[in-house]
Amino acid sequence: MLQSFKPIFSCNLVLSRSFSGYVSRMRYLMRLKEDDEACREALKSGKVLLYHKLSPLLRKTSSGSGYKLASLKTSDLEQILEKVGKDKHIVNESFLLECTDKDEPQFSLEVGDLDRSALEQECGGMFVDLRKAFFMIPGPESPLAAKGQALLRWHQTNSFCSATGQPTVRNQSGSYRVCHSSGITYYPKMAPVVIVLVSDGSRCLLARQAMFPKGMYSALSGFCDMGESVEEALLREVAEEVGLEVEDLQYSGSQHWPFPQSSFMLACHATVNPDKTQVNIDKAELEDARWFTYEEITEALQNMPRDPRREPPVFWVPPSYAIANQLIQEWANHQQLSRK
Ligand SMILES: NC(=O)C1=CN([C@@H]2O[C@H](COP(=O)(O)OP(=O)(O)OC[C@H]3O[C@@H](n4cnc5c(N)ncnc54)[C@H](OP(=O)(O)O)[C@@H]3O)[C@@H](O)[C@H]2O)C=CC1
Ligand SMILES: [Mg+2]
């Protein structure tokens with residue numbers, strides 16, 4: 001059923017990374033995950049992303065025209081913590097995220113119990129809800145902001161063993177938690193979610209849930225049930241949510257999505273018979289589902305809301321970091337080519 005996977009090396013993630021030093025960086029990260037002492041040492045010379053109640057700290061760019069994720073040197077952060085009256089050793093509660101191309105390890109730290117405005121003032125930035133931050137920071141920073149939040153949330157919600165009820169203990173990097181009573185090791189989890197852009201050849205189907213921001217429509221999506229394949233989940237979700245039967249599927253890509261509790265998004269394109277496009281919406285899940293023309297889609301892609309404080313356009317699509325946006329872009333590109 002799944003027609004063709006793109007060759008693995010054509011995927012954006014791999015192409016956007018320089019291969020120089022990649023293996024040594026990955027080996028270094030692997031060592032930091034396994035060796036608590038090495039990880040503590042790396043933290044001393046690393047950088048930390050701060051989150052206040054899971055909202056990342058952003059700073060204005062040097063030109064002042066945009067925002068970027070704030071990444072603080074550990075030594076600077078320790079001074080800031082002391083200035084706001086907190087023990088600098090809470091830095092050791094940071095979780096390891098990644099290692100940059102410059103071999104700099106990056107960590108995330110939740111500081112939600114500290115005074116938000118005092119911290120913002122000392123850091124010269126502001127804590128912004130992650131969904132809003134995705135519209136403000138440069139695209140390449142979004143996966144790191146998402147991962148930082150996801151890891152913090154996972155640790156917050158997994159501090160007890162589900163078998164014994166006893167506290168779990170993290171390793172230094174935060175790559176797992178252990179219950180010393182039962183011996184169970186818990187690793188951070190993602191829930192698999194399928195997302196699909198359905199096309200009838202000239203239009204594509206987008207839907208909105210009542211909880212979406214006003215005017216935003218996205219591709220159909222849904223959590224995989226236990227035991228399902230991607231293909232089965234995708235066919236079922238489209239049938240359940242809009243009452244259509246898709247005919248063929250094409251894999252597009254995947255991404256980690258930090259909401260609601262870390263989803264692993266598997267994105268596909270699908271088509272329906274152009275004679276069978278009548279949607280029958282499951283109103284418990286969706287507020288609306290509609291077919292959109294190429295012209296409507298290209299306008300929405302050009303009219304992305306840039307400032308979350310301003311009134312959004314009447315119809316818009318998820319931000320460029322969301323894989324839904326990638327699906328919609330791909331569909332529009334394909335339509336453009338087929339119209340030439
Ligand atoms: N990155 C992207 O481009 C996009 C990401 N998404 C993400 O995909 C996720 C799923 O999409 P959505 O359409 O809402 O999913 P579904 O169509 O499956 O609908 C959500 C339903 O699943 C239940 N549910 C919640 N968590 C889980 C779980 N872990 N496993 C199984 N069922 C669960 C909810 O129940 P309850 O009533 O308890 O809440 C709710 O009834 C969303 O979290 C959304 O953020 C969606 C679109 C675009
Ligand atoms: Mg859904």
Side-chain angles (χ1 to χ4, degrees), residues 1-8 10-13 143 146 150 189-212 216-292 294 297 300-301 317-335 338:
M1 183 69 66
L2 201 61
Q3 277 206 326
S4 66
F5 275 87
K6 282 182 187 171
I8 190 77
S10 78
C11 96
N12 296 338
L13 180 74
K189 280 200 192 78
M190 298 188 280
V193 173
V194 288
I195 177 161
V196 55
L197 190 65
V198 179
S199 170
D200 71 351
S202 60
R203 300 172 301 168
C204 69
L205 185 64
L206 298 180
R208 56 173 280 111
Q209 298 177 8
M211 60 174 286
F212 282 7
M216 192 187 88
Y217 280 71
S218 184
L220 299 173
S221 57
F223 290 94
C224 295
D225 282 347
M226 184 65 81
E228 261 181 342
S229 65
V230 172
E231 302 90 309
E232 286 164 344
L234 218 141
L235 291 177
R236 176 184 54 72
E237 279 295 330
V238 176
E240 280 179 7
E241 296 195 346
V242 292
L244 293 175
E245 211 170 309
V246 291
E247 288 185 336
D248 65 302
L249 310 175
Q250 199 170 9
Y251 177 74
S252 166
S254 66
Q255 83 172 161
H256 163 254
W257 188 244
F259 315 113
Q261 300 259 342
S262 270
S263 308
F264 180 57
M265 310 295 303
L266 291 145
C268 292
H269 291 275
T271 56
V272 289
N273 182 327
D275 298 328
K276 293 181 183 165
T277 58
Q278 180 67 46
V279 293
N280 176 3
I281 301 171
D282 172 8
K283 284 285 182 182
E285 288 281 332
L286 300 177
E287 186 183 73
D288 191 22
R290 284 201 278 136
W291 290 101
F292 290 88
Y294 170 70
I297 293 294
L301 287 170
V317 294
S320 57
Y321 170 53
I323 203 154
N325 184 291
Q326 175 185 309
L327 283 172
I328 295 166
Q329 290 272 5
E330 283 172 351
W331 181 82
N333 293 345
H334 184 262
Q335 284 290 312
S338 61

- Item | Inter-residue atom distance Cys224.SG - Leu266.CG, 0.5 Å rounding | 6.5 Å

- Message: So, taking the atom named CD in Gln326 and the one named OG in Ser320, what distance separates them when rounded to the nearest 0.5 Å?
- Response: 10.5 Å

- May I have the step-by-step check of side chain to side chain contact (heavy atoms under 4.5 Å, CB included) for Val246 and Leu235, ending in yes or no? CA-CA 6 Å; Val246 291; Leu235 291 177; 3.0 Å; yes

- Task: Step through the shown structure and confirm whether more than 12 heavy atoms of other residues, nucleotides or ligands are within 6.0 Å of CD on Glu245.
- Result: no

- Query: Counting distance only, does the side-chain N/O of Arg208 pair as donor-acceptor with the main-chain N or O of Asp288 below 3.5 Å?
  - Reply: no

- Query: Under 3.5 Å, is there a donor-acceptor pair between the side chain of Gln255 and the main chain of Tyr321?
  - Reply: yes

- Query: What pairs meet the side chain to side chain donor-acceptor pair (under 3.5 Å) rule with one or both residues in residues 257-277, with sequence neighbours excluded?
  - Reply: Asp248-Thr271, His256-Ser262, His269-Glu330

- Message: Nearest 0.5 Å, please: how far is OG in Ser218 from CG in Leu206?
- Response: 7.0 Å

- For Glu228, does its backbone N or O pair with a side-chain atom of Asp225 as donor and acceptor, under 3.5 Å? no

- Quick check: does any side chain N or O of Glu285 sit under 3.5 Å from a backbone N or O of Asp282, one acting as donor and the other as acceptor? no

- Just by distance, do the side chain of Asn280 and the backbone of Gly243 share a donor-acceptor pair under 3.5 Å? no

- Look at the side chain of Glu241 and the backbone N and O of Val238, then say whether any donor-acceptor pair between them is shorter than 3.5 Å. no

- Please work out which of the three classes, parallel, tilted or perpendicular, describes the rings of Phe292 and Tyr217, given edges at 30° and 60°. perpendicular

- Calculate, to the nearest 0.5 Å, the distance between atoms CG and CG belonging to Asn325 and Leu197 respectively. 11.0 Å

